[in-house]
Every structure is written in C-alpha cells, then in structure tokens.
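One structure is given below, encoded as structure tokens.
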Amino acid sequence: MGKETISNEATKYFPELLEKDKPREEKRLPDLDDVGERVVMRLAPSPSGPLHLGHSRMAILNDEYVRRYGGELILRLEDTNPANIDLNAYEMIPEDLKNLGVKVDRIVIQSDRFDIYYEEARKLIARGYAYVCFCRQEDFRALKLESKSCPHRNIEPQENMRRFEEILTGKYRAGEATVVIKTDLSHPNPSLRDWIAFRIGKAKHPRTGEKYYLYPMMNFSVAVDDHYLGLTHVLRGKDQLNNTGRQRFIFDYNHWKVPLYYHYGMISIPGERLKTSIIRKDIAAGKFSGWDDIRLNTIRGLLKRGYQPETFRRYWIESGLREIDASFSWEIFNSMNRENIDRNAKRLFFVKEPLKFKVIDSPEIDVKIPFHPEHKEMGFREFRMKPGTEVFISSDDLAKFDTNSTVRLKDLYNVSLKGKDLVYSSEQKFDPKTTRIIHWCPPDSDDFVVLRPDGINDRGVIEKSHLLVKGISQFERYGYVNLSSQNNEGYFLHK
RNA sequence: GCUCCGAUGGUGUAGUCCGGCCAAGCAUACCGGCCUUUCAAGCCGGCGACCCGGGUCCAAAUCCCGGUCGGAGCACCA
C-alpha cells in the first residue's frame with residue numbers, strides 16, 4: 001500500500017483525522033453596536049508614570065476595535081491634576097503603547113486645551129447650567145448630601161460670568177472657589193448631584209507652569225474632549241459608571257450626541273505591586289532599578305522579562321468586555337506566553353546553587369546536544385568531557401540522590417554518588433522511565449545570575465554556549481529566562 | 001448607610017439581549033496514558049460549573065420577583 005492509499009483509507013474510516021490541522025478558532029471580541037463608517041476611540045491615561053499591566057487592557061481592546069472597524073485611535077493624556085504628573089510619562093506612555101503593538105493615530109494633551117474648557121464653561125454659565133461656588137469643601141458636600149442648595153447656586157448667570165472671569169484673573173487661591181455643574185439636587189444618587197467642574201490648582205503645572213491655575217476636573221474635560229474629538233465608542237472600567245452619568249449632563253445641556261459607553265469589570269492583579277506614586281519614590285530611593293525593574297508590573301518591566309506583545313493581546317481579547325469583576329490569571333497569561341516563545345527558545349543547562357564533583361573513572365567523551373529537541377535545525381552545543389572530568393550539579397538535585405543510586409546526567413552518562421565524588425557507572429544502559437535524569441554543567445561553565453520577579457535571585461553556573469544565545473532561552477528543568485545583554489545575567493520569565 | 005453594577009467548574013471565559021440546537025463549548029490547572037535522555041513542548045483521554053428560593057412558560061443558564069454574596073462609586077484624583 002502506497003502512502004497515498006494509506007492516507008485515503010485512513011480518511012475514509014476516520015474522517016476526523018483530517019480536521020486535526022485546522023487552526024484553533026480564535027476567540028473574538030463581541031461586535032460594537034451602532035458602528036457607522038468608522039469608529040473613533042481613545043486611550044486616556046494620566047501621565048503619572050509609564051503604563052502598567054492593567055492599562056494594557058484598555059489599550060489593546062481599543063486598538064482591536066479600531067483595527068476591526070477602521071477609524072482613529074486617540075491617545076489623550078489627562079494631565080489636569082498638576083499634582084500627579086511625571087514629565088517623563090509623556091514620552092514613556094507612547095513608547096509603551098508602541099512596544100505593545102498598539103497603533104495610536106493621534107496624541108492629544110489636555111493641558112493644551114485649557115482655553116477650550118474655559119470657553120465651554122462660559123457657555124454653560126451663560127445658560128444657567130453652571131455656577132461659581134465659594135463654599136468650603138465640607139459645607140458644599142454636606143448640603144449636597146441633604147439635597148440642599150448652596151447659597152451660590154441661584155445667582156444670576158451674568159453675575160456668575162463676572163465671577164468666573166474674576167477667577168481667571170488669578171484673584172483667588174486654591175480652595176476658595178470652584179465652578180459647579182448644576183444637575184439635580186434631588187437625584188437619588190448623590191454622586192450625580194451638582195458636581196465640581198473646575199477647581200483652583202495647588203501646584204504649578206509641569207507643562208504650563210503658572211499660565212493657568214483654574215483646572216478642569218476630569219468629568220468636565222473628558223466630556224468636552226469626548227465630544228470635540230468625535231468619540232463614537234468609549235470603553236472604560238466599571239469604576240467610571242458614576243462618572244459616565246455625570247458627564248452625560250454636559251452632553252445633554254449641549255445637545256451633543258452621546259458616544260456609546262461600555263463598562264468592563266474591574267480586574268484585580270494578584271501580586272500587584274504598589275501604586276505609581278510609591279514606585280516613583282522607591283525608584284528615587286534606589287529600591288528599584290527603574291520603571292523597567294522586573295519586579296514591577298509595568299509594561300516595560302514585563303516586556304523586559306520576555307512577555308510577548310501578542311501574549312497581552314490574546315489574553316485581553318479572551319477576557320473580553322464582561323462587566324463582571326475578575327482576577328488576572330498569571331497561570332493563563334504564562335501559558336499563552338509559553339506558546340509564543342517555546343518554538344524559538346534555545347535550551348541551555350543552568351545549574352542553580354552548583355556543587356562541583358569529580359567524576360571518577362569517567363572516560364573521554366564528546367557529546368552533542370540540540371538547542372531545541374524538536375528543531376534540530378537550530379543547531380547544537382558540543383562538549384568534550386575529559387577523562388575524570390569535573391561537573392557541576394545543583395544542590396537541589398543532589399538532595400534527591402541516595403548513596404549508590406544511579407542517576408543519568410542528561411545526554412552524557414550514568415553516575416552514582418560515592419562519598420564526595422561521583423563515580424562513572426559500570427552500567428550505562430538506562431530506562432528513562434525509571435532513572436532520574438538531571439542536567440549538569442561542564443567545568444568551564446560561567447557564573448550566572450537569574451533575576452527573579454520576587455526579588456530573590458538565583459545564582460549558579462551556565463554552560464558556555466549561552467554566549468551564542470540571544471533573547472529567551474529555556475533553562476532545562478528550571479524555566480524560561482530572558483538573557484540580558486550583560487552576558488552573565490538573565491531575567492526569570494516563568495516556568 | 002446611600003446609588004449603581006454583577007453572579008457559569010480551582011482559574012479565565014463562551015452562551016444570557018432575541019427561552020428550545022446547552023444532559024452547557026473553549027482555554028488553563030489538575031489526574032491518567034502516549035511521546036520524550038528537561039520538571040518544557042506535543043498528542044490522546046478524564047475530572048470539574050449555570051449563587052439560592054419562588055414565578056412565567058409545553059420548555060429557563062437565558063425572562064420576572066425576592067434573597068444572598070461580590071464589586072464599584074459616594075473627592076476641589078483620574
């Protein structure tokens with residue numbers, strides 16, 4: 001029977017065999033509603049630091065939809081709180097997005113748009129939808145909770161306008177005046193009752209200095225920008241639900257078309273480390289090497305460890321837009337990443353906490369081990385082991401030896417432990433099912449440190465051929481490690 | 001406390017809008033087998049879930065009501 005006949009026979013009886021190679025169906029994001037010719041969507045981080053793992057979700061989801069429908073993806077840097085700005089973030093954020101494979105079409109910086117916000121405020125004041133308030137913070141809040149009007153709420157628009165212009169001249173100090181959007185004091189949800197649209201800033205703005213000191217609050221600038229930038233769809237976290245309600249007042253007062261909002265659930269990240277502001281301090285104090293410290297869940301930290309941009313993308317697509325809160329699964333994230341990297345990860349022997357042994361009675365032997373067991377075309381590492389050579393093995397593995405039990409040094413030979421030495425076994429046959437196989441390093445190996453995300457670094461030795469390997473390697477029986485350009489260190493990725 | 005949202009296996013999700021094709025799909029984890037001179041990868045098989053209680057209906061994971069649990073917000077942060 002020729003090859004073809006066999007194949008025909010086989011498919012006749014087992015037609016499902018043919019299906020085998022069909023690619024697994026990729027999970028797909030649900031369609032958006034009301035999509036016209038194109039969509040306009042946005043990413044709106046505040047430039048307080050680089051992007052972290054949580055940000056990658058909104059970045060990728062928005063990017064996916066803009067790719068699907070065509071349109072525009074706007075990166076809007078929300079820097080209207082001068083107290084929470086890191087000038088470097090204006091550079092780092094676009095860089096992080098680029099490295100994640102997110103294509104931004106346009107960058108908008110809110111601190112360039114103060115005049116637009118002021119102009120919109122004037123329009124609302126003129127029509128009686130906003131007023132200038134001089135209440136103390138506590139009083140304003142207390143009145144609101146009781147659904148009571150504050151003394152400034154029912155002032156004539158002309159007078160409010162005069163006061164607004166007066167604020168702009170710089171006459172007041174932080175805390176002395178605000179601009180409030182008039183909504184509905186009896187609204188059952190106190191969050192949606194009259195809310196503050198502008199306040200006077202306490203700090204000097206890193207970009208605009210002292211030119212402006214009346215700062216729009218997020219709800220105001222976001223509503224104005226979402227309209228003028230022509231947003232069609234907005235993806236945001238559930239924590240924004242009340243804000244969406246607040247912003248809707250601005251749209252209604254102006255008779256603007258409201259974008260379609262989607263609120264996805266909150267994601268909690270196990271092992272999430274620290275807030276951006278704390279990290280910044282710790283970097284300054286030298287506790288972290290920088291924003292790309294591999295102990296951090298910043299995009300740059302994770303990419304440095306060797307997570308692939310496609311891994312982020314696939315993970316977030318599979319998570320979808322559900323409104324349920326969920327916790328981030330490193331297990332699944334790692335598994336997806338493994339799928340992306342294994343094919344190209346060259347295998348190396350790394351011996352953690354090495355112990356050096358002489359192998360008594362060992363013969364001279366040449367061994368040739370493939371860099372990848374399934375892809376021999378990736379080449380080989382070759383070792384010439386001298387008679388009576390020394391080898392390194394891990395103290396972890398040594399703990400598993402019984403005296404006189406035989407162990408296989410992978411791709412080399414069988415040895416047993418005798419006192420302080422290893423002895424070449426008289427029996428070199430072995431059954432891989434029953435014999436313990438451990439890896440090893442030759443005596444001319446290099447010292448090597450694996451930096452781990454938990455901050456505990458593993459020291460050991462690595463075979464010389466690490467110098468021939470770049471990028472992500474799999475250290476056999478240890479895990480995937482992204483080799484640093486430093487040569488003698490690498491970053492632990494995952495098992 | 002008030003307002004709003006949600007609830008599918010250990011984890012992440014599909015299905016819920018428009019009830020029947022769902023005795024619930026996929027992934028991951030785990031267990032077993034195959035393959036393998038890595039504890040990786042690959043292949044095959046298995047375990048495992050519709051929060052509870054009512055109601056509507058010929059039929060409910062899906063619709064309605066109540067409860068429970070979880071979350072978010074209630075800032076002159078974003």
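Throughout, protein chains are lettered first and strands after them, A, B, ... in sequence-line order, and every chain is numbered starting at 1. Note that the coordinates shown come from a computational prediction; the quantities given were computed from them, not determined experimentally.
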Checklist entry - Residues in side chain to side chain contact (heavy atoms under 4.5 Å, CB included) with Gln137(A), at least two apart? => result none
Checklist entry - Partners of His372(A) by ring pair (Phe, Tyr, Trp, His ring centres under 6.0 Å), sequence neighbours excluded? => result His375(A)
Checklist entry - Between Tyr424(A) and Tyr413(A), is the gap from one ring center to the other below 6.0 Å? => result yes
Next on the checklist: Going by side chain to side chain contact (heavy atoms under 4.5 Å, CB included), name the residues that satisfy it together with Ser149(A), two or more places apart in sequence or in a different chain.
Outcome noted: Arg153(A), Asn154(A), Leu185(A)
Next on the checklist: Taking ring pair (Phe, Tyr, Trp, His ring centres under 6.0 Å) as the definition, give me every residue that meets it alongside Phe430(A), ordered by chain and number, with sequence neighbours left out.
Outcome noted: none
Checklist entry - How far does the P atom of G70(B) sit from the matching atom of C51(B), given to the nearest Å? => result 16 Å
Checklist entry - When you measure from every atom of RNA chain B, which of residues 370-378 of chain A have a heavy atom less than 4.0 Å away? => result Pro373(A), Glu374(A)
Next on the checklist: Nearest to the side chain of Asp411(A), heavy atoms from C-beta on, is which of A41(B), U37(B), G12(B)?
Outcome noted: U37(B)
Checklist entry - Which sits closer to the 5' end of RNA chain B, His187(A) or Arg322(A), going by the nucleotide each is nearest to? => result His187(A)
Item to check | Whole-angstrom distance between C17(B) and C77(B), as gauged at atom P | outcome: 42 Å
Checklist entry - Residues in salt bridge (charged side-chain N to carboxylate O under 4.0 Å, His left out) with Glu323(A), at least two apart? => result none
Item to check | Rounded distance in Å between the P positions of C30(B) and G71(B) | outcome: 28 Å
Checklist entry - Is it true that the side chains of Asp86(A) and Ser48(A) contain a donor and an acceptor less than 3.5 Å apart? => result no
Next on the checklist: Heavy atoms only, 4.0 Å cut-off, all strands: where does Ser48(A) land among base, sugar-phosphate and nothing?
Outcome noted: nothing
Checklist entry - Going by atom types alone, do Gln240(A) and Tyr261(A) pair a side-chain donor with an acceptor below 3.5 Å? => result no
Checklist entry - Applying salt bridge (charged side-chain N to carboxylate O under 4.0 Å, His left out), which residue pairs with at least one partner in residues 135-152 of chain A are found, sequence neighbours left out? => result Arg136(A)-Glu138(A), Arg136(A)-Asp139(A), Glu146(A)-Lys148(A)
Checklist outcome for this item: The answer to which of Pro188(A) and Arg408(A) contacts RNA chain B further toward the 5' end, by nearest nucleotide, is Pro188(A)
Is there any protein nitrogen or oxygen under 3.5 Å from a nitrogen or oxygen in nucleotides 72-78 of chain B, and what are the pairs?
residue: G73(B); atom: O2'; partner: Asn242(A); partner atom: ND2; Å: 2.5
residue: C74(B); atom: O4'; partner: Ser191(A); partner atom: OG; Å: 3.3
residue: A75(B); atom: OP2; partner: Arg141(A); partner atom: NE; Å: 2.0
residue: A75(B); atom: OP2; partner: Arg141(A); partner atom: NH2; Å: 2.7
residue: C76(B); atom: OP1; partner: Gln137(A); partner atom: NE2; Å: 3.2
residue: C76(B); atom: N4; partner: Cys135(A); partner atom: O; Å: 3.2
residue: C76(B); atom: N4; partner: Gln137(A); partner atom: N; Å: 3.3
residue: C76(B); atom: N4; partner: Gly175(A); partner atom: O; Å: 3.1
residue: C77(B); atom: OP1; partner: Arg199(A); partner atom: NH1; Å: 2.1
residue: C77(B); atom: OP2; partner: Arg199(A); partner atom: NE; Å: 2.6
residue: C77(B); atom: OP2; partner: Arg199(A); partner atom: NH1; Å: 2.5
residue: C77(B); atom: OP2; partner: Arg199(A); partner atom: NH2; Å: 3.1
residue: C77(B); atom: O2'; partner: Asn81(A); partner atom: ND2; Å: 2.6
residue: A78(B); atom: OP1; partner: Thr80(A); partner atom: OG1; Å: 3.1
residue: A78(B); atom: OP2; partner: Met218(A); partner atom: N; Å: 3.0
residue: A78(B); atom: O3'; partner: Glu78(A); partner atom: OE1; Å: 3.0
residue: A78(B); atom: N6; partner: Asn243(A); partner atom: ND2; Å: 2.8

Checklist entry - With a non-hydrogen cut-off below 4.0 angstrom, is Asn344(A) in contact with a base, only sugar-phosphate, or nothing? => result nothing
Next on the checklist: Measuring only the P atom in each nucleotide, how far is U16(B) from G25(B)? A whole number of Å is fine.
Outcome noted: 16 Å
Checklist entry - Rounding to the closest angstrom, what is the interatomic distance between G67(B) and U3(B) at atom P? => result 13 Å
Item to check | Counterpart residues, side chain to side chain contact (heavy atoms under 4.5 Å, CB included), relative to Met217(A) (two or more places apart) | outcome: Ile196(A), Arg199(A)
Checklist entry - Ile324(A) near the nucleic acid: base, sugar-phosphate alone, or nothing, with a heavy-atom cut-off under 4.0 Å? => result sugar-phosphate
Checklist entry - Distance between the C1' atoms of C50(B) and C69(B), in whole angstroms? => result 16 Å
Checklist entry - Hey, is the side chain of Glu339(A) pairing donor to acceptor with the base of G42(B) inside 3.5 Å? => result no
Checklist outcome for this item: Every stem of 3 or more Watson-Crick or G-U pairs under 3.5 Å that RNA chain B joins, in order of first number, is B:1-7 with B:68-74, B:10-13 with B:25-28, B:30-34 with B:42-46, B:51-55 with B:63-67
Item to check | Pairwise P distance, C52(B) and G10(B) [rounded to whole Å] | outcome: 13 Å
Checklist entry - Taking the same atom, C1', in G55(B) and in A60(B), what whole-Å distance lies between them? => result 11 Å
Checklist entry - Base, sugar-phosphate, or nothing for Glu323(A), non-hydrogen atoms under 4.0 angstrom? => result sugar-phosphate
Checklist entry - Who are the side chain to side chain contact (heavy atoms under 4.5 Å, CB included) partners of Ile116(A), not counting sequence neighbours? => result Arg113(A), Val224(A)
Next on the checklist: List the residues meeting side-chain hydrogen bond (donor to acceptor under 3.5 Å, both in side chains) with Lys346(A), not counting sequence neighbours, and say none if there are none.
Outcome noted: none
